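Reading through the structure tokens given below for one structure.
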Amino acid sequence: MTSLAGTAGTANTRGAMGLDLHKLAHLIAVAEEGSFTRAAGRLHLSQQALSSSIRALEREVGVELLDRGGNLVTVLPAGQSLITDARVLHGLASSAVQRARRIGRGETETLRIGHTPAITGDEVTALLQQVRTTNQELATQVNQRYPGELTEQLLAGELDLGLCRAMPAEQGLARSTVTQHRLRIAVAAEHRLADRDSVQLAELAGESIVVWGHPGRSGYTDLLIEHCRQAGFEPRTYRNPIQGTPPVTAVVGTAHIAFVTAQAGPAADGKARVIELRPPTYAPMHALWPQHASSAERDAFFASLGQ
């Protein structure tokens, strides 16, 4: 590979000029596709033009960003660092343009909210009702998103706020706790625990517990596992193959149990039952948002909650 060491001094003198967002988009495409050929097709560019763009970006930065050896293009550590920040920059730029357009057209500003399946529609509704007690004019648009989609759309400026449980804040995002919900367990109507009014957390040792994310890759799953460990046992988990459905329905027709935030009593048309958990155990509802993107509606949302 051609050394770029000789360009470092020149790049440093040009640092204040900023980077070309188009070149950063080219770098991201090559990294995601792992190939200049596929990335060029995706961007509707010639492979030569794309290669020249990346070379120009490397000259601006002053270091190599990609390893072009072998059949696949490998992102070097410097390239990965730049890509992480570039995603944030692209999101900020996109959010700024969209906001300017809405203001220029006189359109009503709307707080675009996404929530993961771990947050139920009823919980989102209750939260927004609380907000509207002090801010009735706040317009909202709510959609469910899987965790990966939620992070991606927040960073891309396509959402203003994300509601989740225990998801980490990726670079460029901020996180705060909005409220806490009490955890209970759901079981099928024919489960051996279904006739109980309450269950001790320690009694769940040996049960198969439904989770929605892989342990070690889901903050919420890891939170539930930690609750079990604090109760003195290592839980046996089973990942729900049906994603996006209401948590309380996950146990219907199975011998599994699930941690839920639904109220105690019959559920899922009588096919499941929600049981109180002792001692009281809680799961946070977290808010995620683009750290450096302004939003008067998001500020009003937090102010209505006293945050």
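Source: prediction; values computed, not measured. Residue numbers start at 1 and run along the sequence shown.
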Q) Checking Arg184 side chain against Val260 main chain: does a donor-acceptor pair fall under 3.5 Å? A) no

Q) Any chain of hydrophobic side-chain contacts (each under 4.5 Å) joining Leu111 to Val178? A) yes

Q: Considering non-hydrogen atoms only, spot the tightest contact between Leu155 and Gln171 and give its length.
A: CD2-O, 3.5 Å

Q.
I want to know whether Phe302 and Trp289 have ring centres closer than 6.0 Å.
A. yes

Q) Going by heavy atoms in the side chains, are Glu297 and Thr110 under 4.5 Å from each other? A) no

(Q) Which heavy atom of Asp20 sits nearest to which heavy atom of Glu60, and what is that distance? (A) N-OE1, 4.2 Å

Q | Asp269, CG atom: more than 12 neighbouring heavy atoms under 6.0 Å | A | no

Q: Answer yes or no: are there more than 12 heavy-atom neighbours, outside Glu33 itself, under 6.0 Å from its atom CD?
A: yes

Q. Got a donor-acceptor contact below 3.5 angstrom from the Ser81 side chain to the Ala78 backbone?
A. no

Q) Rounded to the nearest 0.5 Å, what separation is found between the CG atom of Leu183 and the CG atom of Leu201? A) 9.0 Å

Q. Are Ile113 and Leu127 linked, directly or through other ILVMFWY residues, by side chains that come within less than 4.5 angstrom of each other?
A. yes

Q) Shared ILVMFWY cluster between Phe36 and Leu57, side chains joined below 4.5 angstrom? A) yes

Q) Only one of Gln153, Glu152, Gln141, Glu149 clears side chain to side chain contact (heavy atoms under 4.5 Å, CB included) with Leu159; which? A) Gln153

Q. Would the number of heavy atoms belonging to other residues, nucleotides or ligands and lying under 6.0 Å from CD of Glu234 be above 12?
A. yes

(Q) Has His90 got a side-chain atom pairing as donor or acceptor with Leu21's backbone, closer than 3.5 angstrom? (A) yes

Q: Output, in order, the C-alpha distance, side-chain angles, deciding distance and verdict of side chain to side chain donor-acceptor pair (under 3.5 Å) for Arg132 and Thr140.
A: CA-CA 10 Å; Arg132 290 198 176 98; Thr140 58; 2.9 Å; yes

Q: Applying side chain to side chain donor-acceptor pair (under 3.5 Å), run through His227 and Thr281 and close with a yes or a no.
A: CA-CA 8 Å; His227 280 315; Thr281 306; 5.3 Å; no

Q: For side chain to side chain contact (heavy atoms under 4.5 Å, CB included), just list the numbers for Leu173 and Gln291, CA-CA rounded to whole Å, side-chain angles, deciding distance to a tenth of an Å, and then say yes or no.
A: CA-CA 5 Å; Leu173 300 181; Gln291 190 170 14; 5.9 Å; no

**Q.** Straight-line distance of His115 NE2 to Leu150 CG, nearest 0.5 Å
**A.** 10.0 Å

Q: Find out whether Glu123 and Thr261 are in side-chain contact, i.e. whether some heavy atom of one side chain is under 4.5 Å from a heavy atom of the other.
A: yes

Q) So, Arg165 side chain and Tyr220 main chain: donor-acceptor pair closer than 3.5 Å or not? A) no

Q. Is the closest side-chain heavy-atom distance between Leu82 and Val61 below 4.5 Å?
A. yes

Q. Distance-only, no hydrogens or angles: does the Ser218 side chain make a donor-acceptor pair with backbone N or O of His214 under 3.5 Å?
A. no

Q | Backbone N/O of Cys164 and side chain of Thr116: donor-acceptor pair under 3.5 Å | A | no

(Q) Just verifying a value: how many Å separate Thr151 OG1 and Arg87 CZ, rounded to the nearest 0.5 Å? (A) 11.5 Å

**Q.** Arg182 vs Glu276 side-chain heavy atoms within contact, under 4.5 Å
**A.** yes

Q | Contact check, side chains of Val75 and Leu66, non-hydrogen atoms, under 4.5 Å | A | yes

**Q.** Main-chain N/O of Gly216 paired to Asp222 side chain as donor or acceptor, under 3.5 Å
**A.** yes

Q. Looking at CZ of Arg38 and CG of Leu50, how far apart are the two atoms once the value is rounded to the nearest 0.5 Å?
A. 12.5 Å

Q. So, does Thr125 use its side chain to make a donor-acceptor pair with the main chain of Gly121 at under 3.5 Å?
A. yes

Q: Output the distance between atom OG1 (Thr120) and atom NE2 (His181), rounded to the nearest 0.5 Å.
A: 7.0 Å

Q | Audit row: Leu204, Leu277, side chain to side chain contact (heavy atoms under 4.5 Å, CB included) steps and yes/no | A | CA-CA 10 Å; Leu204 303 183; Leu277 192 60; 4.2 Å; yes

**Q.** Chi angles and distances behind the salt bridge (charged side-chain N to carboxylate O under 4.0 Å, His left out) call for Glu158, Arg145
**A.** CA-CA 12 Å; Glu158 298 170 8; Arg145 293 290 184 266; over 6 Å; no

Q. Minimum heavy-atom separation for Ala272 to Val252, with atom names?
A. CB-CG2, 4.2 Å

Q) Between the main-chain N or O of Ala194 and the side-chain N or O of Arg273, is there a donor-acceptor pair closer than 3.5 Å? A) yes

Q: Could you tell me whether the side chain of Arg68 reaches within less than 4.5 Å of the side chain of Ile54, counting heavy atoms only?
A: yes

Q) Do Leu128 and Leu138 sit in the same hydrophobic cluster, where Ile, Leu, Val, Met, Phe, Trp and Tyr count as joined when their side-chain heavy atoms come under 4.5 Å apart? A) yes

Q: Using a 4.5 Å cut-off on heavy atoms from C-beta on, say whether the side chain of Arg298 contacts that of Pro290.
A: yes

Q: Could you state whether Met167 and Val142 fall into the same hydrophobic cluster, counting links through intermediate Ile, Leu, Val, Met, Phe, Trp or Tyr residues with side-chain heavy atoms under 4.5 angstrom apart?
A: no

Q) So do the side chains of Phe301 and Ser295 get within less than 4.5 Å of each other, counting heavy atoms only? A) no

Q: Please assess His26 against Leu45 for the test side chain to side chain contact (heavy atoms under 4.5 Å, CB included), listing each intermediate value before the final yes or no.
A: CA-CA 10 Å; His26 296 169; Leu45 294 173; 3.5 Å; yes

Q) After noting the C-alpha distance and the side-chain angles of Glu226 and Leu223, does the key distance pass the side chain to side chain contact (heavy atoms under 4.5 Å, CB included) rule? A) CA-CA 5 Å; Glu226 184 57 29; Leu223 173 71; 5.5 Å; no

Q: Kindly compute the distance separating CD (Gln47) from OG (Ser35), expressed to the nearest 0.5 Å.
A: 7.0 Å

**Q.** Taking every non-hydrogen atom, the tightest pair across Leu65 and Leu27
**A.** CD1-CD2, 4.1 Å

Q: Identify the two heavy atoms, one from Asn240 and one from Ala250, that lie closest to each other, and give their separation to 0.1 Å.
A: ND2-CB, 3.8 Å

Q: Considering non-hydrogen atoms only, spot the tightest contact between Val251 and His256 and give its length.
A: CG1-O, 3.6 Å

